[in-house]
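Comments concern the structure below.
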Amino acid sequence: MTVAEMAIRNSAGQSLVFEEVRKILAPFEPSDAHRALADFNWRMIATTNYDLLIEHAYADVKARRQNLVRFVKDDEPVEARLQEAERPLAYLKLHGCLDHIHDRDIPPILTKESYSRYKANRTRLFGRVVDYAHESTLLFIGYRLDDPHIRNLIYDIGVEKRPRWFMVTPDAEDYDVDYWATQNVGIIKCRFGEFMHALSDEIPPLFRQLASSAQTVDFPIRKHFQSNEPESEKLRQAFVKDLTYIHANMAIEEQSPEQFYQGYDTGWGGIVNRLDVRRKVEDDLLFKTLLENENPAGPSFIMLRGAAGAGKTIALKRTAFEAATASGALAVWLEEGGALHFDVIAEIYDLSRQPIYLFIDQIGFRVHQVLSFLRSACVRSLPVIVIGAERDADWNSYCGALDMEFPPEFLRVSNLSMSEVEGLLDLLARHACLGLLGRLSRDDQIRAFMDKNRADRQLLVALHELTLGKPFEKIILEEHQRIFPEQAQQLYLDIATMHQFSVNVRAGIISRISGVAFEDFQAQFLEPLRGIVRVEKDPYSGDLCYKTRHSRVAAIVFKETCPDDQSKATQLKRIVEGLDVGYSVDKRALEEICRGRSLADAFASIDQARQVYEAAITAAPKQAFLYQQWALLEAHHREGSLADADRLAGEAHDLEPRNKTIIHTQAEIDRKRASAEESELLKDSLRRRARERLNEMPANDRFAVSSRLKLLVDEVVDLANKADATGSPHDAVAYAEKVKATEGAILRAQQNFPDDADIDQVEARFRQEVDEEDKALRALEQALAAGARGSSTAIKVARLYDARGRSLEAFKTLQAALGRSPDDRPTHHAMAMHLMNGEAPDLTQVEDHLGRSFSRGDRNYESRFDLAQLLFLSGKIEACENLFSEIEQGAPDDFRRGTSRTDNVFTKRLNRHSGRITSLRPGYAFLRSSAYPSDLLAHRSMSDADVFDELMIGDEVNFKIRFNRQGPTAVDMQMGRVAVRA
């Protein structure tokens with residue numbers, strides 16, 4: 001037993017021992033050797049000491065080359081902390097810190113017991129050292145040669161997979177030097193002070209400074225400066241790490257036309273070389289940006305939105321480039337991974353005295369930065385125009401706070417117009433990139449782009465499909481399958497699994513998951529993945545990052561490669577187990593992977609989805625959102641448990657008791673449980689608790705208001721059922737009073753939140769429940785105009801339009817929904833059914849939408865059933881038979897076991913068929929027909945009983961066709977063959 005263990009067990013406990021340790025270590029002062037560290041540039045410093053010698057040493061050196069940014073636990077935000085400091089240096093305290101001795105999550109490692117648990121809440125902290133160790137030279141100072149940390153690190157990372165490391169120690173013998181040389185570790189026999197003195201003698205101060213980039217030395221933004229004052233070093237560094245000044249002579253990476261038109265954008269090469277087609281939205285954006293904001297008195301905010309693959313980034317870059325080069329505007333681009341510092345932009349204005357046009361792509365990643373920036377800009381009335389771009393789905397998911405405080409002016413990137421198609425065709429021809437389009441005449445090329453079957457395709461998709469002549473998904477899957485060797489295929493899938501959420505994939509993650517170090521990636525996999533994976537470097541952490549050529553491509557790689565529950569769960573667990581939530585990109589990926597509603601839709605079996613959460617919580621046990629999202633999975637999956645949802649939401653609340661989002665989730669779970677309860681007492685109790693929880697939220701919180709309204713509508717439904725069942729005048733009066741109270745509450749909410757989509761949706765449900773469908777439609781229209789999340793509102797509006805004979809409006813509503821979310825499966829199904837209800841539907845177009853209304857491996861058998869019926873109607877019998885076989889093998893036992901007694905949109909279009917009875921059984925028969933390869937079932941109950949009872953084997957009959965899960969069945973049988981029309 002150690003002294004520390006005896007002290008902890010025999011005295012007042014570990015807190016007093018920790019405090020005694022602090023008192024002992026606090027008086028120590030750093031040596032000259034410690035202070036000498038600050039005169040060099042390091043990639044990272046990590047220590048197992050908990051003293052403050054390094055911190056004090058850096059504080060003592062006023063002319064230090066870097067500023068320490070200390071990390072003591074896993075979930076501290078890495079990029080945000082590094083971006084706050086000038087010339088940041090990550091400093092990892094692996095065994096605790098005197099400033100955090102009473103933090104229960106990360107107590108100092110003093111005892112053997114605590115040493116055995118030293119990685120608790122520091123797993124990823126240690127992982128960062130391992131990540132850097134693969135590609136950096138490590139220098140060990142102050143460790144014994146037999147230190148288990150050193151030996152484990154050396155043995156875990158093979159000598160051939162890392163650079164040479166060094167150990168500074170005065171006690172090494174010759175045999176130690178020889179042994180460690182075999183492990184690719186050099187021994188430097190001296191003490192720490194001697195080493196730093198020798199290092200200072202060997203490297204003159206002039207050579208200790210990192211080389212300035214050409215962008216810093218040549219500072220072209222100065223042409224806008226009206227002041228002769230020199231710019232600050234922070235401003236100069238901002239244009240190294242954070243910002244790009246847009247001008248005609250800016251440096252660009254090589255960009256081939258072939259890669260550009262396949263979505264592989266290397267930066268500004270495609271813009272400078274004018275590979276992009278001019279879009280109307282760019283002219284609109286330029287007009288709004290420059291002419292409407294020519295002399296701004298303060299900040300303005302403009303947003304470019306559209307679906308993934310619509311061309312938002314290129315349109316934003318083109319606007320920035322034209323604003324700078326054609327109009328002379330002072331335009332800067334915030335780089336991916338760069339920090340947004342208000343004082344930097346303010347200094348640019350102070351030096352230039354002209355409006356600044358700040359372009360920010362993927363603004364959903366920077367909501368808090370942009371909020372803080374705009375607040376500061378408002379206080380100072382800084383004339384800065386922020387022009388951002390984001391996908392529709394991510395704007396709705398992540399940018400609510402930004403939208404509420406600084407509602408922007410919106411412009412949309414939609415599908416190509418006729419003139420844009422002609423311009424694009426000119427570019428494709430000029431650069432020999434027409435592919436299969438080159439075989440067509442110009443008119444046919446234009447028709448191919450404008451074809452109604454491609455009406456909802458985004459630019460990225462259309463370019464692939466038309467030039468290569470295959471469906472986009474097949475192109476991407478074949479591209480993945482062609483990659484060799486197999487390990488490179490898996491590497492690409494790992495990168496795509498994360499990059500589908502538009503996050504860069506750190507090399508450390510890939511190294512941890514796959515065991516492939518960056519050096520190995522360059523040596524073995526760079527060539528197989530050339531043109532489909534890019535390698536970039538984070539300007540602050542120094543981490544190398546991977547990304548596919550486009551997030552839409554990445555999403556298809558994942559979907560097509562992991563089509564079933566087992567493969568999806570295996571791949572997602574593989575990824576989440578390697579994530580480090582201290583990095584914002586990893587945290588964003590974890591949040592996206594673990595979205596409860598998304599996993600409820602993606603997984604047929606909830607058990608596989610639960611395994612993803614188990615792996616995620618093992619990797620990040622203190623993240624409350626994981627428990628909250630697991631609760632949402634349980635609440636929304638058809639196999640979920642509301643009791644488990646309540647328990648998990650409670651665990652999330654324990655971790656973050658003041659988190660209003662979690663409190664709202666708890667209230668919504670109570671509401672759902674109340675609706676499912678039979679007992680009036682339990683219903684009332686759960687609803688009371690839901691309201692108590694909503695009362696903990698701010699009175700003006702729109703989500704709390706919306707949930708209160710939902711509770712009222714739930715009570716209206718229950719009282720309506722009760723009044724109908726009892727016929728009691730008392731119950732009828734209670735129902736009427738509740739309806740009146742609910743109507744008043746909705747009216748007040750709409751007055752307070754006039755453009756709130758959720759509240760409009762609640763009103764629509766209320767109107768439908770009280771049989772006021774016209775008012776319900778108006779409410780849904782308002783919700784749609786206000787930007788209701790998801791596709792359900794658009795689908796409901798379209799159905800109500802169809803029911804009223806407003807077919808064109810229904811079509812436009814669904815078309816707009818697909819423009820916002822091209823891969824939304826329910827919308828594709830709704831569009832297919834809308835088209836089928838037309839007088840003369842285009843069956844090819846219907847087939848396309850039905851084919852996109854489900855994905856491989858999902859449980860959407862209703863869409864498969866509809867597609868199989870359509871294939872029969874279209875005469876594609878083999879494909880129809882295969883799909884019915886898939887339904888029979890995979891669908892739940894209770895799915896479509898019987899044949900419908902009425903026609904649907906497919907069967908009402910089928911002609912009568914002829915056949916011959918081959919088998920008779922009590923109550924049913926089988927017949928052979930040229931309509932289908934297999935014998936058809938004919939049940940007695942589905943035909944005239946007198947006709948059925950007269951049947952004999954060999955009789956010729958004619959019949960109508962309807963379907964069950966096994967395929968077509970014969971109904972309404974009559975004797976004799978179908979009369980052939982002249």
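- Evaluated for a salt bridge (Lys or Arg N to Asp or Glu O under 4.0 Å) with Asp283, the options Arg318, Arg278, Lys288 yield exactly one hit, Arg278.
- Here the shortest heavy-atom pairing between Pro299 and Leu374 reads CB-CD2, 4.1 Å.
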- Item | Worked verdict on Thr497 versus Asp494 for side chain to side chain donor-acceptor pair (under 3.5 Å) | CA-CA 5 Å; Thr497 302; Asp494 291 340; 5.3 Å; no
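- Partner of Asp823 under the side chain to side chain donor-acceptor pair (under 3.5 Å) criterion, out of Arg552, Lys559, Arg852, His828: Arg552 alone.
- Between the side chains of Thr244 and Glu335, at least one donor N or O sits under 3.5 Å from an acceptor N or O.
- Using the six-membered ring where Trp is involved, Trp268 and Trp333 have ring planes that are perpendicular, over 60° apart on the 30 and 60° scheme.
- The existence of a salt bridge linking Arg856 and Glu473 is excluded, since no basic side-chain nitrogen approaches an acidic carboxylate oxygen closer than 4.0 Å.
- Contact check on Lys876 versus Glu847 returns a salt bridge, with a Lys/Arg side-chain nitrogen under 4.0 Å from an Asp/Glu carboxylate oxygen.
- Judged by distance alone, the side chain of Glu390 and the main-chain N or O of Ile363 form a donor-acceptor pair under 3.5 Å.
- At least one donor-acceptor pair closer than 3.5 Å links the side chain of Lys317 to the backbone N or O of Gly267.
- Leu466 is listed as a side-chain neighbour of Phe449, based on a closest heavy-atom distance under 4.5 Å.
- Although no hydrogens or angles enter the test, the distance criterion places no donor-acceptor pair under 3.5 Å between the side chain of Asp848 and the main chain of Thr844.
- Scanning for salt bridge (Lys or Arg N to Asp or Glu O under 4.0 Å) contacts around Arg305 gives Asp392, with sequence neighbours left out.
- Scanning both residues, Leu290 and Ala329, for their nearest heavy atoms gives CD2-CB, 3.9 Å.
- A donor atom on one side chain and an acceptor atom on the other are not found under 3.5 Å apart for Tyr264 and His550.
- Looking at Lys280 and Glu282, no side-chain N of the basic residue comes within less than 4.0 Å of a carboxylate O on the acidic one, giving no salt bridge.
- Side-chain contact check for Phe260 versus Ile314: some heavy-atom pair is nearer than 4.5 Å.
- A donor-acceptor distance shorter than 3.5 angstrom exists from the side chain of Thr266 to the backbone of Glu254, with no hydrogens or angles considered.
- Judged by a 6.0 Å distance limit and a 45° cone about the ring axis, Arg588 is not positioned over the six-membered ring of Phe501.
- Minimum heavy-atom separation, Pro539 to Gly338: CG-N, 4.4 Å.
- Defined by atom type and a distance below 3.5 Å, a donor-acceptor pair is missing between the side-chain atoms of Asn273 and Gln255.
- Rounding to the nearest 0.5 angstrom, the gap separating the CG atom in Leu371 from the CG atom in Leu340 is 11.0 Å.
- Checking side-chain atoms of Glu420 against main-chain N and O of Ser417 turns up a donor-acceptor pair under 3.5 Å.
- Shortest non-hydrogen contact noted between Leu304 and Ala315 is CD2-CB, 3.9 Å.
- Partners of Lys312 by salt bridge (Lys or Arg N to Asp or Glu O under 4.0 Å), not counting sequence neighbours: none found.
- The shortest non-hydrogen separation linking Pro296 to Ile385 is CG-CD1, 3.7 Å.
- Between Glu465 and Lys474 there is no salt bridge, since no side-chain N of the basic residue sits under 4.0 Å from a carboxylate O of the acidic one.
- With rounding to the nearest 0.5 Å, the separation of CG in Leu243 from CG in Leu358 is 7.0 Å.
- A donor-acceptor pair under 3.5 Å links the side-chain atoms of His480 to the main chain of Gln489, judged by distance alone.
- Taking CG of Leu402 as the start and CZ of Arg366 as the end, the distance is 13.0 Å to the nearest 0.5 Å.
- Aromatic pair His247/Phe321: centroids not less than 6.0 angstrom apart.
- Salt-bridge annotation for Arg447 and Asp444: present, with a side-chain N of the basic residue lying under 4.0 Å from a carboxylate O of the acidic one.
- Within the model, atoms OG of Ser792 and CD of Gln761 stand 5.5 Å from one another, a figure rounded to the nearest 0.5 Å.
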- In sequence, state the C-alpha distance, the side-chain angles, and the governing distance for Tyr398 and Gln362, and then conclude on side chain to side chain donor-acceptor pair (under 3.5 Å). CA-CA 11 Å; Tyr398 295 106; Gln362 293 185 327; over 6 Å; no
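- Of all heavy-atom pairs between Val384 and Ala377, the closest is CG1-CB, 4.0 Å.
- When atom types are taken as modelled, the side chain of His829 and the backbone of Arg825 share no donor-acceptor pair closer than 3.5 angstrom.
- Inspection of the Ser397 and Asp394 side chains reveals no N or O donor paired with an N or O acceptor under 3.5 Å.
- When atom types are taken as modelled, the side chain of Asn860 and the backbone of Ser853 share a donor-acceptor pair closer than 3.5 angstrom.
- Atom CG of residue Leu334 and atom CD1 of residue Ile387 lie 12.0 Å apart, to the nearest 0.5 angstrom.
- The shortest side-chain heavy-atom distance between Leu867 and Phe854 falls under the 4.5 Å cut-off.
- For Ser855 (side chain) and Asp858 (main-chain N/O), no donor-acceptor pair under 3.5 Å exists by modelled atom type.
- Rounding to the nearest 0.5 Å gives a distance of 10.0 Å between CD of Gln445 and CG of Leu424.
- Residues satisfying the salt bridge (Lys or Arg N to Asp or Glu O under 4.0 Å) test with Asp538, not counting sequence neighbours, are none.
- Taking 4.0 Å as the cut-off between side-chain N and carboxylate O, Arg549 and Glu479 count as a salt-bridged pair.
- With hydrogens and angles disregarded, no donor-acceptor distance shorter than 3.5 Å links the side chain of Asp802 to the backbone of Ser807.
- Taking the six-membered ring where tryptophan is involved, the planes of Tyr261 and His431 are tilted, since the angle between them lies from 30° to 60°.
- Under the 3.5 Å distance criterion, with hydrogens and angles disregarded, no donor-acceptor pair is assigned to the side chains of His499 and Asn504.
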